Amino acid sequence: MATLAISMASFLTVATPWTIVAWLDPESMRKYKIQQKPFEFKKYFWPSIARIVINNIILACLLVATWPLLKLTAVHNGELPAWYIIIAQLLFFVFLDDFLYYWMHRYMHENKWLLKHVHSVHHRIRNTCGINGNYMNWLEYVLTAGLTLVGPILLGAHIYVVWIWVVIRQMEGADGHIGYDVPWNPAHLFPVYKGPVYHDFHHAKFKGNYAGFLPYLDEYLGKTHIPAYLRYLKGRKAGLTAQQIEQQEIELRKSKLQRTRRTVSEAKPIHNPAEF
């Protein structure tokens with residue numbers, strides 16, 4: 001129960017201030033918006049709160065039901081390991097969780113039943129703000145939480161290390177949905193984390209960018225990077241703002257549409273009236 005409480009507090013600590021920013025939508029922050037369109041705040045704020053409450057009640061019940069098995073694991077509250085062991089364990093948790101989450105998330109898109117009945121709930125929101133991070137079907141919420149515990153159970157981690165890991169995981173879950181790409185975001189201090197842009201493009205484009213922390217998985221496990229995301233990274237590296245990159249994307253879509261129309265026009269057969 002303490003782990004669940006810490007998990008929820010960590011999520012809300014990151015999600016709440018960014019949700020307020022999305023609600024106010026100040027002019028000074030609009031240049032940092034990843035998607036240059038209004039947030040779906042009014043439509044999904046209270047449904048997100050409801051999902052958070054319901055999903056955590058279900059998860060709490062499942063934790064109580066499985067406690068006889070959980071207490072048989074090697075997770076303990078004995079002596080803490082050395083600091084470097086804690087760091088190594090946390091890195092292992094990040095890499096393992098992201099690998100497992102990539103495949104689970106990707107399968108939820110590739111399996112028609114799971115996509116329709118489970119994962120589609122999370123994808124109702126195309127332009128997310130912080131509080132939307134845990135807006136999902138209860139089954140997806142439970143499965144995601146279960147993956148978080150795989151690493152600690154395998155290593156028999158100290159409960160304090162588990163709590164640190166849960167804080168990191170929930171902070172990433174909230175940050176990935178904030179909708180802003182700001183250079184001073186403290187989440188960028190995590191060396192393996194690439195910021196909220198990566199997952200924001202998943203919501204905007206629906207398919208691709210399936211991992212959580214580590215975008216390299218899309219490169220090596222099936223070429224599932226979203227092309228627009230890669231173009232965004234190039235634009236940011238060139239010093240462009242999110243607004244300027246969005247304008248480039250609009251011009252690119254117009255150019256592709258014009259080429260398509262031209263190709264279709266040129267492909268149409270030209271009939272000689274004399275043939276009739």
Side-chain angles (χ1 to χ4, degrees), residues 10-49 122-135 168-216 218-219 224-258:
S10 304
F11 175 80
L12 292 175
T13 298
V14 176
T16 301
W18 282 111
T19 302
I20 294 172
V21 173
W23 170 49
L24 298 174
D25 194 20
E27 182 69 32
S28 60
M29 291 293 292
R30 290 178 187 174
K31 63 182 178 181
Y32 298 117
K33 288 177 70 173
I34 301 168
Q35 298 183 50
Q36 296 297 309
K37 58 185 180 181
F39 289 107
E40 300 171 80
F41 177 83
K42 291 182 179 180
K43 184 176 181 180
Y44 287 107
F45 175 75
W46 288 114
S48 293
I49 297 296
H122 190 58
H123 274 284
R124 290 172 185 170
I125 311 173
R126 300 295 295 272
N127 191 19
T128 63
C129 63
I131 201 68
N132 304 143
N134 281 346
Y135 179 86
I168 293 172
R169 184 66 180 87
Q170 282 287 37
M171 289 177 66
E172 182 275 330
D175 186 76
H177 296 84
I178 65 175
Y180 288 96
D181 180 20
V182 293
W184 37 264
N185 184 346
H188 289 301
L189 294 174
F190 290 100
V192 295
Y193 180 55
K194 297 301 181 182
V197 176
Y198 173 79
H199 191 68
D200 194 278
F201 269 89
H202 177 73
H203 277 271
K205 305 297 183 181
F206 194 70
K207 289 187 177 182
N209 287 21
Y210 295 123
F213 286 90
L214 310 170
Y216 81 90
D218 293 281
E219 177 67 23
T224 50
H225 266 136
I226 295 174
Y229 164 73
L230 298 178
R231 292 194 295 269
Y232 181 95
L233 294 183
K234 289 182 179 179
R236 293 291 286 142
K237 192 173 182 180
L240 300 179
T241 65
Q243 286 176 324
Q244 291 170 327
I245 296 171
E246 177 71 13
Q247 187 58 41
Q248 281 190 346
E249 286 294 308
I250 292 173
E251 293 173 359
L252 179 62
R253 288 194 293 269
K254 287 181 179 178
S255 177
K256 286 183 177 180
L257 182 60
Q258 289 173 352

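Small disclaimer: the values here were computed from a predicted structure and weren't measured.
Ionic pairing of Glu40 and Arg126 is not present here: no N-O contact between side-chain nitrogen and carboxylate oxygen is shorter than 4.0 angstrom. Ionic pairing of Glu251 and Lys254 is not present here: no N-O contact between side-chain nitrogen and carboxylate oxygen is shorter than 4.0 angstrom.
Here Asn132 contributes atom CG and Thr19 contributes atom OG1; the two are 7.0 Å apart, rounded to the nearest 0.5 Å. Distance NE2/His202 to OG1/Thr224: 10.0 Å, rounded to 0.5 Å. How far CD of Glu172 is from CZ of Phe11: 11.0 Å, rounded to the nearest 0.5 Å. Note: Leu233 CG to Ile245 CD1 = 8.5 Å, rounded to the nearest 0.5 Å. Remark: Arg169 CZ to Met171 CE distance equals 13.0 Å, nearest 0.5 Å. Between Phe45 atom CZ and Tyr135 atom OH the span is 14.0 Å, to the nearest 0.5 Å.
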| message | If you apply the rule side-chain hydrogen bond (donor to acceptor under 3.5 Å, both in side chains), what do you find for Asp175 with Asn185, and how did you get there? | response | CA-CA 9 Å; Asp175 186 76; Asn185 184 346; 2.8 Å; yes
| message | As a quick check of understanding, evaluate side-chain contact (heavy atoms from CB on, under 4.5 Å) for Ile226 and Tyr232, giving each step before the final call. | response | CA-CA 10 Å; Ile226 295 174; Tyr232 181 95; over 6 Å; no
| task | Check step by step if side-chain contact (heavy atoms from CB on, under 4.5 Å) holds for Ile178 and Ile34. | result | CA-CA 9 Å; Ile178 65 175; Ile34 301 168; over 6 Å; no
| message | One pair to check against ring pair (Phe, Tyr, Trp, His ring centres under 6.0 Å): His122 and His177. What are the steps and the verdict? | response | CA-CA 11 Å; His122 190 58; His177 296 84; 5.1 Å; yes
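A centroid separation of less than 6.0 Å is found between the aromatic rings of Tyr180 and Phe39.
Counting heavy atoms from C-beta on, the side chains of Arg30 and Asp25 come closer than 4.5 Å. The shortest side-chain heavy-atom distance between Trp18 and Pro196 does not fall under the 4.5 Å cut-off. Side-chain contact check for Phe201 versus Leu230: every heavy-atom pair is 4.5 Å or farther apart.
Considering every non-hydrogen atom in both Ala228 and Lys205, the closest pair reads CB-CE, 3.9 Å. Closest of all the heavy-atom pairs between Pro38 and Lys33 is CA-NZ, 4.1 Å. Contact record, Ile125 with His203: O-ND1, 2.9 Å, taken as the closest heavy-atom pair. The minimum heavy-atom distance linking Ala22 with Cys129 is given by the pair CB-CB, 3.5 Å.
Judged by distance alone, with hydrogens and angles left aside, the side-chain atoms of Tyr210 form no donor-acceptor pair with the main-chain N or O of Pro215 at under 3.5 Å. For the pair Arg231 (side chain) and Glu249 (backbone), a donor-acceptor distance under 3.5 Å is absent.
No side-chain donor from either of Asp200 and Tyr229 sits under 3.5 Å from a side-chain acceptor of the other.
Under the salt bridge (Lys or Arg N to Asp or Glu O under 4.0 Å) criterion, the residue pairs touching residues 177-186 are Asp181-Arg236, with sequence neighbours excluded.
Sparse packing is recorded around NZ of Lys42, with 12 or fewer heavy atoms of other residues, nucleotides or ligands lying under 6.0 Å away.
Listed by chain and residue number, Ile20, Pro26 satisfy the side-chain contact (heavy atoms from CB on, under 4.5 Å) test with Leu24 (two or more places apart in sequence, or in another chain).
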